[in-house]
Amino acid sequence: MVENEKKWQEFWEKHPELYRANDFVGTDRSVCSKKAQTQGSVRTDKKYILVEFPYPSGSGLHVGHAFSFTGADVYARFKRMSGFNVMFPMGWDAFGLPTENYAIKTKQPPQKVTKDNTDKFKSQMKQLAFSFDWSREVNTTDPKYYKWTQWIFIQLFKAGLAYKKKMPINWCPSCKIGLANEEVVNSRCERCGTEVSRRNIDQWVVKITDYADKLIEGLDKTAFIEKVKQAQIKWIGKSEGANVKFKIVGAIHESPLQHLEIFTTRPDTMFGATFMVVAPEHELVDEILNNNVGAIHESPLQKIKNYVENVRKKSDLERTELTKGKTGVFSGLYVLNPATGKEIPIWISDFVLPNYGTGAIMGVPAHDDRDKEFAEKFGLEIISVYDDEEKIINSDFLNGMKPADAIKKMIDWLQEKEIGEAKSSYHLRDWIFSRQHYWGEPIPMVYCEKCNWQPVPETELPIKLPEVENYEPTDNGESPLSLIPGWVDTVCPICREPAKRETDTMPNWAGSDWYFLRYIDPFNEKTFADFEKMKYWMPVDVYIGGDEHNTLHLLYSRFIYKFLYDLGKVPVDEPYFKRLSHGVILGPDGQRMSKSKGNVIVPEVVAEKYGVDVVRMYLMFIGPFDGTMAWNENTLMGVKRFLDRFELFIKGQINNQSSNETVSSQNAEVIINKLIKGVTEDIDSFKFNTAIAKSMEALNSLTALKENINLKSIQTLIKLIAPFAPYTAEELYSQLEKSDENYGSVHVSEWPKIDEKYLKEEKVTIAVAINGKVRGQIELDTDRQEEKEEILKMAKENDRVKPWLEGKIINKEIYVPGKMINFLIS
RNA sequence: GCCGCUGUGGUGAAAUUGGUAUACACGCAAGACUUAAAAUCUUGUGCUCUCAACAAGCGUGUGGGUUCGACCCCCGCCAGCGGCACCA
């Protein structure tokens with residue numbers, strides 16, 4: 001088997017046109033497949049099938065890769081054989097920390113580590129027979145590639161969507177890197193698990209929040225599976241409500257703060273607002289401490305100072321600890337509740353988040369659990385504004401109304417008085433785009449004392465990473481690039497005076513945001529991809545990936561794509577039509593595979609033992625494509641037996657082909673045509689496990705027939721298995737007469753067509769039930785299934801049914817044509 | 001707490017989407033071949049009662065409902081998995 005694998009690998013290597021996608025636009029036709037060149041008219045319907053490109057780690061391809069890539073490959077092979085012009089590309093998301101760390105540890109340049117790793121991945125992928133179009137391979141660390149990643153950043157900057165801001169970032173003390181909110185899990189670094197702390201660092205920030213609504217609305221145009229849509233909507237977290245300004249009582253004229261603005265989703269409860277709370281980071285707190293507001297009723301300045309300092313010392317983890325109970329301090333200030341006309345106190349508490357809404361809330365303790373807890377702890381007034389029937393009370397002009405109406409009415413009232421307006425808030429935060437590391441795309445910006453931040457002229461792109469001796473992260477949190485004077489020092493593109501380069505690099509996501517566009521036109525030097533080619537290929541028809549990317553990569557890349565769309569640079573407004581989640585393969589012990597647990601299965605090793613086709617087919621048979629399944633070697637043996645029997649059967653059939661063409665029996669034709677239908681439908685809907693089950697069933701039936709089948713049937717069986725077992729199929733197919741061009745490869749042969757005449761059942765079996773219990777069955781010719789009276793009569797006389805009807809009265813007779821009969825008796 | 005998903009034999013899982021539940025595979029049992037084992041092949045395999053049955057009853061987490069008919073639709077509960085979580 002392994003020898004065969006080698007033979008066919010070399011064969012496929014020699015004929016890369018087999019899996020090549022045709023662009024059908026532009027002038028460069030050299031990449032067309034032989035099929036396209038030799039045939040006058042080929043089908044130009046395209047399928048862009050995309051599977052998330054991997055991060056090429058040092059440990060090589062793991063089972064998860066093998067699983068998801070095999071699923072995508074089966075689908076791609078099937079579509080290709082079905083006559084589609086399939087693009088199924090692969091590339092490398094190769095910037096990132098593990099490579100950098102490994103490079104530091106082994107004292108090699110990350111460029112070399114990346115090269116070694118991608119070489120290894122690529123050869124493993126070839127061994128596993130993935131039918132990628134390697135002529136479109138991309139690598140995010142290739143300067144020719146990241147030139148365009150940098151170009152996109154400059155467009156963001158020019159559009160005002162990228163700005164520099166000193167902001168508290170999540171700082172991982174172990175990785176020495178700033179993290180995006182999305183990279184912080186339970187206040188810990190997603191990568192290393194170290195608890196993150198806060199640091200104030202000048203960062204590039206990208207305004208993804210400007211696209212929040214578009215990112216929600218765009219989902220309607222996609223066919224993403226529901227859980228992905230929900231995850232994105234939830235992550236963006238849009239809440240509709242109102243911003244309301246409360247007048248600060250007795251604020252001095254000079255104070256910049258005359259009002260306290262809050263966000264609420266329930267303006268209808270304003271009559272029940274008995275206090276206000278601001279986050280310790282709120283600007284009001286600074287103003288109070290600087291004595292800039294005035295009219296403070298008491299003067300608890302020291303108390304406030306202590307509280308705020310205390311909160312700052314807390315880690316995120318401590319701060320969000322729900323069980324700790326509410327803490328807070330009175331600010332000494334009051335605001336006027338415009339609804340009630342009453343003065344209510346402003347408190348400072350860390351349960352209010354600084355970066356959501358306005359960082360301040362109105363406290364409605366009667367109808368919000370958190371506000372209630374706070375009010376009870378500090379003895380604040382509690383006023384109900386809803387009765388048990390969800391109708392408003394104690395609220396003047398809102399009394400008696402239902403919530404939805406009251407919200408509308410209140411917003412109108414606020415707008416009329418010019419103290420509030422309808423407003424949406426989002427959980428989504430702007431995207432911190434700076435990383436203080438070496439192994440990433442340099443951010444193509446220059447700082448000039450006179451002209452401020454300026455983008456590098458586009459003609460100077462790419463800004464290449466300098467090759468250096470030392471790229472370890474620095475302890476002060478600055479990028480290692482800052483230590484390279486020759487690289488940092490440059491001139492301002494505007495005034496030509498000395499200036500300094502940005503030394504931060506981009507996050508991982510930057511390169512993977514748009515890679516699917518580069519596959520379309522990987523060698524273009526004038527633009528990231530030719531518009532006409534994109535018009536042909538976009539959107540991606542199916543995008544297969546892991547659930548872990550549903551909110552990070554998927555949202556970022558949709559955002560960048562929508563931004564490019566608004567610039568008129570890409571042809572359609574959503575990048576991915578369909579998004580599918582692949583499942584997870586657990587270790588034999590049912591646990592997630594990890595080196596520490598020692599339950600890691602290496603696909604390469606298993607493939608050497610049983611053959612690649614067995615591994616591929618087993619992975620597809622183990623369960624539904626989106627399921628969570630444990631590795632089980634027993635089931636794998638079952639698949640191996642099947643493939644052995646399949647090979648034996650086909651070889652036997654080939655030997656039995658007489659010089660006169662053998663004719664398949666009716667029975668055999670029925671089995672084979674049913675199989676074509678089943679496998680076609682199942683692969684089309686990613687139900688690989690049942691497609692294989694049907695193949696097993698068909699082989700069992702055919703073997704039991706002990707008959708010879710004709711050449712076409714043999715070909716059909718081989719073709720149907722080809723997407724799952726490419727080596728076995730190619731070998732068996734090669735033993736047949738070579739009937740077409742394309743070097744006789746089964747993988748570009750035509751997918752079998754159904755002969756409908758064999759799918760028509762001649763007989764149908766109709767179950768006969770009495771009071772819903774099946775008691776017998778009758779068989780009749782299919783074309784007679786409409787003869788209701790006749791059939792009911794047959795049913796009543798059926799040997800097994802008759803005894804049940806004796807002496808009973810039939811109250812009702814139900815007949816479902818071709819399916820079943822139900823007699824209701826008493 | 002919120003969002004999403006799942007619950008079917010000893011096990012992984014099927015079920016044409018409301019029409020004969022348990023396909024396919026594993027495991028197990030018996031048998032064939034073999035000095036023997038492995039491999040391979042054949043047969044059986046949801047549960048209960050039974051010497052046995054092509055006999056009857058029960059059976060898709062659980063309690064109800066709709067329907068001639070429910071793994072499938074509706075309502076309530078229980079358990080598990082994944083994600084989010086002081087988001088006003």
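Keep in mind that this is a model prediction, so the values were computed, not measured. First the proteins, then the strands, lettered A, B, ... as listed; each starts at 1.
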Report the nucleotide, chosen from [options], that has the shortest atom-to-atom distance to any side-chain atom of [X].
X       : options                   : result
N634(A) : rC26(B), rC84(B), rC24(B) : rC26(B)
I622(A) : rA88(B), rG57(B), rG12(B) : rG12(B)
V352(A) : rA88(B), rG12(B), rC68(B) : rA88(B)

If you measure from the [atom1] atom in [N] to the same atom in [M], how many Å do you get, rounded?
N       : M       : atom1 : result
rG10(B) : rU22(B) : P     : 16 Å
rC81(B) : rG12(B) : P     : 15 Å
rA30(B) : rA39(B) : P     : 16 Å
rC86(B) : rG1(B)  : P     : 15 Å
rU50(B) : rG57(B) : C1'   : 12 Å
rA37(B) : rA29(B) : P     : 14 Å
rA14(B) : rA52(B) : P     : 35 Å
rG76(B) : rA25(B) : P     : 41 Å

Are [X] and [Y] close enough that some pair of their side-chain heavy atoms sits under 4.5 Å apart?
X       : Y       : answer
N771(A) : W804(A) : no
I766(A) : K819(A) : no
T274(A) : V364(A) : no
V768(A) : R775(A) : no
E373(A) : K326(A) : yes

Closer to the 5' end of RNA chain B via nearest nucleotide, is it T358(A) or N771(A)?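 With T358(A) and N771(A) compared, the 5'-side residue is N771(A).
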Would you say the side chains of [X] and [Y] form a donor-acceptor pair under 3.5 Å?
X       : Y       : result
Y618(A) : E633(A) : no
D755(A) : N673(A) : no
Q232(A) : R558(A) : yes

Mind listing the N/O atom pairs, protein and nucleotides 16-23 of chain B, below 3.5 Å?
unit_1: rU20(B); atom_1: O2; unit_2: Q777(A); atom_2: NE2; d: 3.2
unit_1: rU20(B); atom_1: N3; unit_2: Q777(A); atom_2: NE2; d: 2.9
unit_1: rA23(B); atom_1: O2'; unit_2: E697(A); atom_2: OE1; d: 3.3
unit_1: rA23(B); atom_1: O2'; unit_2: E697(A); atom_2: OE2; d: 3.1

Rounded distance (Å) that lies between atom [atom2] of [N] and atom [atom1] of [X]:
X       : N       : atom1 : atom2 : answer
K802(A) : rA55(B) : NZ    : C1'   : 20 Å
I236(A) : rG83(B) : CD1   : C1'   : 15 Å
I233(A) : rA85(B) : CD1   : C1'   : 18 Å
R592(A) : rG82(B) : CZ    : C1'   : 9 Å
D547(A) : rC84(B) : CG    : P     : 11 Å
I692(A) : rC26(B) : CD1   : P     : 13 Å
W631(A) : rU11(B) : CH2   : C1'   : 17 Å
I346(A) : rA88(B) : CD1   : P     : 21 Å

For nucleotides 2-8 of chain B, give me one character per nucleotide, 5' to 3': B if any protein heavy atom sits under 4.0 Å from the base, S if the only such contacts are to the sugar-phosphate, - if neither. SSS----
Between the main-chain N or O of [Y] and the side-chain N or O of [X], is there a donor-acceptor pair closer than 3.5 Å?
X       : Y       : result
D626(A) : H582(A) : no
T690(A) : K687(A) : yes
R645(A) : N700(A) : no

What's [X] touching, base or sugar-phosphate or nothing? Going by heavy atoms closer than 4.0 Å.
X       : value
K773(A) : sugar-phosphate
R775(A) : sugar-phosphate
D369(A) : nothing

Hey, does the side chain of N700(A) come within less than 4.0 Å of rA25(B)'s phosphate (OP1/OP2), counting only N and O?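 Yes, N700(A) has a side-chain N/O under 4.0 Å of OP1/OP2 on rA25(B).
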Any Lys/Arg nitrogen of [X] or [Y] sitting under 4.0 Å from an Asp/Glu carboxylate oxygen of the other?
X       : Y       : result
D368(A) : R266(A) : no
E217(A) : K238(A) : no
E681(A) : K677(A) : yes

Is it true that Y543(A) and F224(A) have ring centroids separated by less than 6.0 Å?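 Between Y543(A) and F224(A), the centre distance exceeds or equals 6.0 Å.
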What do you reckon, are the aromatic ring centroids of Y426(A) and W235(A) less than 6.0 Å apart?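 Judged by ring-centre distance (under 6.0 Å), Y426(A) and W235(A) do not meet the cut-off.
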Qualifying ring-ring contact (aromatic ring centres under 6.0 Å, His included) pairs with a residue from residues 351-377 of chain A, counting only residues at least two apart or across chains: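 Matches after skipping sequence neighbours: F275(A)-F374(A), W347(A)-F374(A), F351(A)-F374(A), Y356(A)-H427(A), H367(A)-Y386(A), F374(A)-F378(A).
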Consecutive-pair stems (3 or more, Watson-Crick or G-U, under 3.5 Å) for RNA chain B: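 As far as RNA chain B goes, consecutive pairing (with distances under 3.5 Å) yields the stems B:1-7 with B:78-84, B:10-12 with B:24-26, B:27-32 with B:40-45, B:46-48 with B:56-58, B:61-65 with B:73-77.
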Enter syn or anti for the glycosidic conformation of rG9(B), syn applying to angles within 90° of 0.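 Syn, since the glycosidic angle lies within 90° of 0.
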Using a 90° cut-off around 0 for syn, call rU17(B) syn or anti.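 Syn, angle within 90° of zero.
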When you measure from every atom of RNA chain B, which of residues 267-278 of chain A have a heavy atom less than 4.0 Å away?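 Close to the strand, none.
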Determine the sole option in F688(A), W631(A), F625(A), F621(A) for which the ring-ring contact (aromatic ring centres under 6.0 Å, His included) test with F67(A) is passed.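 By the ring-ring contact (aromatic ring centres under 6.0 Å, His included) criterion, F67(A) pairs with just one of F688(A), W631(A), F625(A), F621(A): F625(A).
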Over 60° means perpendicular and under 30° means parallel, so tell me whether H553(A) and H549(A) are parallel, tilted or perpendicular.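 Correct class here is perpendicular.
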Could you list all N or O pairs between the protein and nucleotides 37-42 of chain B that sit under 3.5 Å apart?
unit_1: rU40(B); atom_1: OP1; unit_2: R641(A); atom_2: NE; d: 3.2

